[in-house]
Amino acid sequence: MKIYNTLTSKKEEFVPLDSGKVDMYVCGITAYDVCHLGHARSAIVFDVIKRYLRHSGFQVRHTRNITDVDDKIIARAKKEGVSTGEIANRYSEEYYRDMDMLGVSRADIEPKATEHIKEMVDLIKGLVERGYAYDVNGNVYFEVSKFSAYGKLSKRNLDEMMAGARVEVDERKKSPLDFALWKASKEGEPSWKGPWGPGRPGWHIECSAMSMKYLGQGFDIHGGGADLIFPHHENEIAQSEAFTGKPFVKYWVHNGFITVDKEKMSKSLGNFFTIKEILEKYDPEVVRYFLLATHYRSPIEFSDAQLSEAEVSIDRYYSTVLRINDFEEDTALAQGVTEPRAAEEFEKLLASVKDKFKDAMDDDFNTALALGCIFELIREVNKFLDARPSGQKAGELVAKSKEVLTELGSVLNIFNRTPHEWYISLMRVKNVGFTEGDILNEITRRHEARQKKDWAAADAIRKELEGKGIILEDKKEG
RNA sequence: GGCGGCGUACCCAAGUGGCUAAGGGGGAGGUCUGCAAAACCUUUAUUCAGCGGUUCAAAUCCGCUCGCCGCCUCCA
């Protein structure tokens, strides 16, 4: 298995520190507002990475934090006149609702910053003792120049950064590059007791403290969006390695952005679409498919047209499953003899699809290629069924293909519903003004018309349903 | 300004030295069907932004040019 490591800028063979076990830490959200599609991408990407590592036999311990104290949370609380805890709770709940909808599994450990103040204080104390941090009027800063490897993740050196540094408002710092570990609290802000006076932790320190607590002083994978590389992850490395003297993380993994008109979707630009509003128009599986149809490191241009295409693709998948089910229910087909050459070819293909899927995922989690493999199988299943196979052997092969489809889908956590569930959900999303019962009635009426060969009436009903966005597909039995 | 990335068909998107450049969507033609739809078949890139170089061999490596984007401030 190969993973692209931001630290080395190369794809590397994945070898966990402790064979068979993988410890991964992924930066979660700051709970100050609802999540947009960019958050969804990161969550889904690492959800799939976790699922695939497990599928490949690794024992995975997944940690994902929630930042529940921070400038933006404080600002929002002030604006609304409520407590920071209330803001953090509200948006954590929203976050979980969105993630559950999108099929993102919970992490094994989901630590919150406010519940780990002690660990952070201990870490900061250690850094001060070791001479990496200094205290100015109750604020503690990390002195970047003391950590010689600073810049190794984001590939820049101190001189370049000094040259590019923007006007720094905080004059207490020795260098504009130094960053806060502990911030003295102002009036009305949440604060905790610390050796430097009442205050709250800086943003970066929480991930170092919590990852060390739950995963140890060195672990396998640390992930997040590419915008966290600098300064967040760079700072995490500085803090952690200065404290322990050991390598912090073996593989750094970063996902690419969602763009709108080629520009990064972000809060500050205001060009974002929330998960909630997208889910009003599209099934969650469509969103998941859309995000996985591009490699995780490439940018994805947000587009309604692409989401609709994703919907069509998924529909193709479920149509095929429906055909498989129909085949299996048709007991008459159990008789007869399977054409041996077609069966043999199909059997070979089934085995190769599984291998190709594995190769794709082993190559830096290439979900786009992996989905391609699934659709290759879909086409072949349709082809096989088109030949009207019958007999025991054919039955076994069709059952086997369904099994393979289910297995591959489960790794990506898509394609795991029944066609019926898919169509019902589609009706909900499309706001079809019909209930399932209405439709069945119409179908029965049309069926009667067809029996009488009253084509005009039958077509009228079909047309009416089509106007509502429902497409009837006739089968042999009607 | 510094650092990094990207540019593959009508659209989206895999492919990073060598068998026919995946897959999806769309278009065109056909098979099937009461008519449709779906499905299947054929077709839609002798070519990978442009130019030059390395090599027996390049979309893939190197250089330059053009265009787009990201990070350098909070950001998934």
Side-chain angles (χ1 to χ4, degrees), chain A residues 6 9 11 26-30 32 35-46 70-72 75 151 154-157 159-169 176-177 203 223-232 234 254-259 261-269 272 289-290 293-295 297-301 303 305-317 319-320 322-323 356 360 363 366-387 450 453-456 458-459 462-463 466 471-476:
Chain A
T6 309
S9 309
K11 265 187 210 170
V26 180
C27 288
I29 54 144
T30 298
Y32 78 102
C35 293
H36 60 66
L37 194 61
H39 300 99
R41 182 176 195 190
S42 186
I44 288 171
V45 161
F46 289 100
D70 143 284
D71 291 349
K72 277 182 283 197
S154 54
K155 310 289 178 306
R156 39 193 112 194
N157 61 53
D159 295 339
E160 283 165 12
M161 284 188 272
M162 285 303 284
R166 301 187 187 181
V167 184
E168 181 56 56
V169 288
L177 299 178
W203 176 39
D227 43 7
L228 297 182
I229 295 171
F230 190 90
H232 186 53
E234 194 71 62
H254 294 97
N255 64 275
F257 305 125
I258 307 283
T259 59
D261 293 330
K262 301 255 180 174
E263 275 189 325
K264 178 185 166 189
M265 180 183 287
S266 74
K267 272 278 154 59
S268 44
L269 284 170
F272 58 89
Y289 179 94
F290 168 70
T294 300
H295 185 90
R297 283 189 282 117
S298 303
I300 300 180
E301 174 71 13
S303 113
Q306 288 303 123
L307 277 161
S308 298
E309 273 186 28
E311 189 177 273
V312 173
S313 295
I314 296 172
D315 202 62
R316 176 169 157 80
Y317 179 92
S319 299
T320 304
L322 199 62
R323 285 189 78 184
K356 279 165 124 179
D363 186 10
N366 194 335
T367 53
L369 186 56
L371 283 170
C373 296
I374 292 178
F375 278 96
E376 245 171 275
L377 178 54
I378 286 292
R379 190 183 62 223
E380 293 302 328
V381 169
N382 277 316
K383 199 169 170 176
F384 186 70
L385 291 174
D386 267 7
R450 289 185 74 211
K453 300 219 187 295
D454 183 355
W455 306 128
D459 287 350
R462 185 168 60 201
K463 196 126 191 193
E466 207 179 307
I471 293 164
L472 276 194
E473 294 172 18
D474 293 341
K475 286 186 288 191
K476 277 274 125 5

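Residue numbers begin at 1 in each chain, while the letters A, B, ... track the order of the sequences.
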Can you tell me how far [atom1] in [N] sits from the matching atom in [M], rounded to whole Å?
N      : M      : atom1 : value
B:rG23 : B:rU60 : P     : 22 Å
B:rG18 : B:rA58 : P     : 11 Å
B:rC66 : B:rC40 : C1'   : 44 Å
B:rC61 : B:rG17 : C1'   : 8 Å
B:rG29 : B:rC51 : P     : 36 Å
B:rC62 : B:rU54 : P     : 15 Å
B:rC12 : B:rG27 : C1'   : 15 Å
B:rU47 : B:rA9  : P     : 13 Å

* Of all residues at least two apart in sequence or in a different chain, which pass the salt bridge (Lys or Arg N to Asp or Glu O under 4.0 Å) check with A:E309? ->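 Checked A:E309 against salt bridge (Lys or Arg N to Asp or Glu O under 4.0 Å); zero matches.
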* To do: Can you sort out the partners of A:D459 under salt bridge (Lys or Arg N to Asp or Glu O under 4.0 Å), two or more places apart, ordered by chain and number?
  =>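 Salt bridge (Lys or Arg N to Asp or Glu O under 4.0 Å) check on A:D459 returns A:R462.
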Output the rounded distance in Å from [atom1] ([X]) to [atom2] ([N]).
X      : N      : atom1 : atom2 : result
A:L228 : B:rU73 : CG    : P     : 15 Å
A:N157 : B:rC3  : CG    : C1'   : 9 Å
A:Y317 : B:rA39 : OH    : C1'   : 17 Å
A:K11  : B:rA14 : NZ    : C1'   : 11 Å
A:D159 : B:rC72 : CG    : C1'   : 15 Å
A:E301 : B:rU8  : CD    : P     : 13 Å
A:F290 : B:rC11 : CZ    : P     : 17 Å
A:D71  : B:rU73 : CG    : P     : 16 Å

When we call it a touch if two heavy atoms are under 4.0 Å apart, what does [X] touch: a base, just sugar-phosphate, or nothing?
X      : value
A:I258 : base
A:H232 : nothing
A:G225 : sugar-phosphate
A:G28  : sugar-phosphate

* Stepwise side-chain contact (heavy atoms from CB on, under 4.5 Å) test for A:D227 and A:K264 -> CA-CA 10 Å; A:D227 43 7; A:K264 178 185 166 189; 3.2 Å; yes
* Can you tell me which stems involve RNA chain B, if a stem is defined as three or more consecutive Watson-Crick or G-U wobble pairs, both distances under 3.5 Å? =>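 The stems are B:1-7 with B:66-72, B:10-12 with B:23-25, B:26-31 with B:39-44, B:49-53 with B:61-65.
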* To do: Pick out which of A:H39, A:H36, A:R41 makes a side chain to side chain contact (heavy atoms under 4.5 Å, CB included) with A:I258.
  =>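 Checked A:H39, A:H36, A:R41 against A:I258; only one passes side chain to side chain contact (heavy atoms under 4.5 Å, CB included): A:R41.
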Can you name the closest pair of heavy atoms from [X] and [Y] and give their distance?
X      : Y      : answer
A:A458 : A:R450 : CB-CG, 3.6 Å
A:L228 : A:C27  : CD1-CB, 3.6 Å
A:T320 : A:N382 : OG1-ND2, 3.0 Å

Within less than 4.0 Å of OP1 or OP2 of [N], is there a side-chain N or O belonging to [X]?
X      : N      : answer
A:K267 : B:rC74 : no
A:N382 : B:rC40 : yes
A:N366 : B:rG15 : yes

* Asked: With a 3.5 Å cut-off and just heavy-atom distances, do the side chain of A:D454 and the base of B:rG34 make a donor-acceptor pair?
  ->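 Such a pair does not exist between side chain and base.
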* Asked: Would you say the base of B:rC35 and the side-chain of A:R462 have a donor-acceptor pair closer than 3.5 Å?
  ->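 Side chain to base: pair present.
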Check: [X] side chain, [Y] main-chain N or O, donor-acceptor pair, under 3.5 Å:
X      : Y      : answer
A:D261 : A:E263 : no
A:D315 : A:E311 : no
A:K356 : A:L369 : no
A:S42  : A:G38  : no
A:D363 : A:N366 : no

* **Results of side chain to side chain contact (heavy atoms under 4.5 Å, CB included) for A:S308 - residues two or more places apart only** =>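 For A:S308 the side chain to side chain contact (heavy atoms under 4.5 Å, CB included) partners, ignoring immediate neighbours, are A:Y282.
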Between N or O atoms, less than 3.5 Å apart, protein on one side and nucleotides 21-25 of chain B on the other: list the pairs.
unit_1: B:rA22; atom_1: O2'; unit_2: A:E376; atom_2: OE1; d: 3.3
unit_1: B:rG23; atom_1: OP1; unit_2: A:R379; atom_2: NH1; d: 3.3
unit_1: B:rG24; atom_1: OP1; unit_2: A:R316; atom_2: NH2; d: 3.3
unit_1: B:rG24; atom_1: O2'; unit_2: A:S313; atom_2: OG; d: 2.4
unit_1: B:rG24; atom_1: N2; unit_2: A:E309; atom_2: OE1; d: 2.8
unit_1: B:rG25; atom_1: O2'; unit_2: A:E309; atom_2: OE2; d: 3.3

* **Listed nucleotide nearest any side-chain atom of A:T294, set B:rA39, B:rA14, B:rA76** =>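 Among B:rA39, B:rA14, B:rA76, the one nearest the side chain of A:T294 is B:rA14.
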* Answer yes or no: is there an ion pair linking A:R156 with A:E234, defined by an N-O contact shorter than 4.0 Å? =>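 No salt bridge links A:R156 with A:E234.
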Distances under 3.5 Å between nitrogen or oxygen atoms of protein and nucleotides 68-71 of chain B:
unit_1: B:rC69; atom_1: O3'; unit_2: A:K262; atom_2: O; d: 3.4
unit_1: B:rC71; atom_1: OP1; unit_2: A:K264; atom_2: NZ; d: 2.8
unit_1: B:rC71; atom_1: O2'; unit_2: A:R156; atom_2: NH2; d: 3.0

* More 5' along RNA chain B: A:G224 or A:D459, using each one's nearest nucleotide? ->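 Between the two, 5'-proximity favours A:D459.
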